[in-house]
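Predicted model, so just to flag it, every value in this text is computed and none were measured. Hydrogens, waters and symmetry mates play no part in the numbers below; they use all other heavy atoms, side chains included. Letters A, B, ... mirror the listed sequences (proteins, then strands); counts begin at 1.
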Number of protein chains: 2
Amino acid sequence: MISTNKLPEDLDCGIRVAFKIFGGKWKLCILDAINRGIVRPAAIQKEIHEAPLRVIEMQLAELLFYGAVEKKCDEDSYPKKSEYFLTELGKTILPLSLQIDAWGTIHSAFVKAKQVELNEMMSLSK
Amino acid sequence: MISTNKLPEDLDCGIRVAFKIFGGKWKLCILDAINRGIVRPAAIQKEIHEAPLRVIEMQLAELLFYGAVEKKCDEDSYPKKSEYFLTELGKTILPLSLQIDAWGTIHSAFVKAKQVELNEMMSLSK
DNA sequence: TTACATACCGAATCTTTTTTCGGTTATTGA
DNA sequence: TCAATAACCGAAAAAAGATTCGGTATGTAA
């Protein structure tokens, strides 16, 4: 993550800009977790158990770079305690996140059924 | 595109479901074009000139499979005339698309500036 | 001391997605 | 006949993205 791309990317397209910031596989889940008060990397990872810790770290780093989250690190205390919070920019993503999640939840059963259909098609033509 | 995945994918997560349907690089642009009355593959490709025709075809096939668009093909006429239209499902994606695009447009300049910053960082540590 | 927990990073590897390339088929018009 | 256009497809290649692995450092508690 956080890489300069070889293929030209059109940042004049709003959709492409938006997806660059929060299009990552776990980004919206991470922002949601932080919003729900789960603010430390290890805690976020426990919440989103499918994602490896390394991914949480990398996507946090990217969200940090683009200013969607901010980091507060208390070096003295123990455990080391890094905490991430939503910035004003990050907060503007939440309404979108909620609507995207709502859309997906509504159509979840349908998409799952289609997925089964697809798996059957693939196994027949193996 | 349209592949069965090796990595487990959590379709219980609304965000993951949504991104599966319209998370592709050009999907929302294609849906938007169709909504604006640009309904044939070649025409869509002229509209979204950055995307190769093959990509338009593949992403249309995927949107078709998941029922976000429908295809009307008049075999007799010439030119061959395949036309794609939004289904009811496809239309439900439009409001999200508009908001995502609006968000990206608002933050476009900021993200572009960050991108310049990143490119400078990368070239220094080359 | 040993084991454990936290945060984080580099690099290799794997998976998925996107792109490029070279076809096929069919019809129109010069 | 020959060029042009439309739709579409398979397969390889390239790129991007995600994951695994092993490492650092720090401090706590058994």
Side-chain angles (χ1 to χ4, degrees), chain A residues 1-10 16 19-30 38-65 69 71-84 115 118 122 125, chain B residues 1-10 16 19-30 38-65 69 71-84 115 118 122 125:
Chain A
M1 300 245 99
I2 305 192
S3 61
T4 48
N5 302 66
K6 297 193 176 179
L7 266 39
E9 50 177 358
D10 180 10
R16 312 250 54 238
F19 274 31
K20 184 158 196 75
I21 307 310
F22 59 76
K25 191 168 179 181
W26 307 103
K27 293 243 187 85
L28 292 182
C29 301
I30 291 171
I38 301 159
V39 294
R40 290 170 52 195
I44 295 170
Q45 202 275 319
K46 267 164 210 152
E47 191 74 7
I48 313 170
H49 58 281
E50 303 95 324
L53 182 56
R54 186 75 180 104
V55 173
I56 307 290
E57 290 167 358
M58 285 194 305
Q59 307 225 345
L60 276 173
E62 208 169 322
L63 289 168
L64 190 61
F65 176 79
V69 299
K71 182 180 171 182
K72 281 169 189 159
C73 191
D74 185 357
E75 291 290 348
D76 299 333
S77 76
Y78 200 77
K80 213 175 161 186
K81 218 173 189 176
S82 284
E83 296 184 326
Y84 291 83
Q115 208 56 32
L118 181 59
M122 300 305 255
S125 65
Chain B
M1 300 244 98
I2 306 193
S3 61
T4 48
N5 302 66
K6 296 193 177 181
L7 265 40
E9 49 177 358
D10 181 10
R16 312 249 56 236
F19 275 29
K20 183 158 196 74
I21 306 310
F22 59 76
K25 191 168 179 180
W26 306 103
K27 292 242 187 85
L28 292 182
C29 301
I30 290 172
I38 301 158
V39 295
R40 289 169 52 194
I44 295 170
Q45 201 275 318
K46 265 164 211 152
E47 191 73 8
I48 313 170
H49 58 280
E50 303 95 324
L53 181 56
R54 186 78 181 100
V55 173
I56 307 289
E57 290 166 358
M58 284 192 305
Q59 307 224 344
L60 276 173
E62 208 169 325
L63 290 169
L64 190 60
F65 176 79
V69 300
K71 183 180 171 184
K72 282 170 189 161
C73 191
D74 185 358
E75 291 291 349
D76 298 333
S77 75
Y78 200 79
K80 212 177 167 186
K81 218 174 190 174
S82 285
E83 297 184 326
Y84 291 83
Q115 208 56 34
L118 181 58
M122 301 304 256
S125 65

Exercise for the section: May I ask you to say what A:Lys71 touches in the nucleic acid, namely base, sugar-phosphate or nothing, with a heavy-atom cut-off under 4.0 Å? Expected result: sugar-phosphate
Handout entry: Residue-phosphate contact under 4.0 Å: A:Tyr84 side-chain N/O, C:dA7 OP1/OP2
Key = no
Practice task
Look at B:Arg40 and D:dA7 and indicate whether a side-chain polar atom (N or O) is within less than 4.0 Å of OP1 or OP2.
Solution key: yes
Handout entry: the helix from C:dT1-D:dA30 to C:dA30-D:dT1: angle between end helix axes, five pairs per end, rounded to 10 degrees
Key = 10°
Practice task
Under the ring-ring contact (aromatic ring centres under 6.0 Å, His included) rule, collect the residues that match up with B:Phe22, sequence neighbours excluded.
Solution key: A:Trp103
Exercise for the section: List in chain and number order the residues that pass salt bridge (charged side-chain N to carboxylate O under 4.0 Å, His left out) with B:Glu9, two or more places apart in sequence or in another chain; answer none if no residue qualifies. Expected result: B:Lys20
Practice task
Output all residues satisfying salt bridge (charged side-chain N to carboxylate O under 4.0 Å, His left out) with B:Glu83, sequence neighbours left out; order by chain, then residue number.
Solution key: none
Handout entry: Position toward the 5' end of DNA chain C (nearest nucleotide), B:Leu7 or A:Leu7
Key = B:Leu7
Handout entry: Nucleotide C:dT18, atom P - distance to CD of A:Glu9 in whole Å
Key = 14 Å
Exercise for the section: Whole angstrom is fine here: how far is it from NZ in A:Lys27 over to C1' in D:dA18? Expected result: 12 Å
Exercise for the section: Say whether, by atom type as modelled, one donor and one acceptor occur between the side chain of B:Lys27 and the main chain of B:Gln59 under 3.5 angstrom. Expected result: no
Exercise for the section: Please check if the side chain of A:Gln45 supplies one atom and the backbone of A:Pro52 the other of a donor-acceptor pair under 3.5 Å. Expected result: no
Fill in the blank from the handout: Per atom distances to the A:Asn5 side chain, the nearest of D:dG17, D:dT19, D:dA7 is D:dG17
Handout entry: Pairs involving residues 48-58 of chain A, ordered by first then second residue, that meet salt bridge (charged side-chain N to carboxylate O under 4.0 Å, His left out) (sequence neighbours left out)
Key = A:Arg54-A:Glu57
Practice task
Enumerate the residues from residues 41-54 of chain A whose closest heavy atom to DNA chain C is under 4.0 Å, giving them by residue number; use none for an empty result.
Solution key: A:Pro41, A:Ala42, A:Lys46, A:Arg54
Exercise for the section: With DNA chain D as reference, determine whether B:Glu83 or B:Pro8 sits nearer its 5' end, using the nearest nucleotide of each. Expected result: B:Glu83
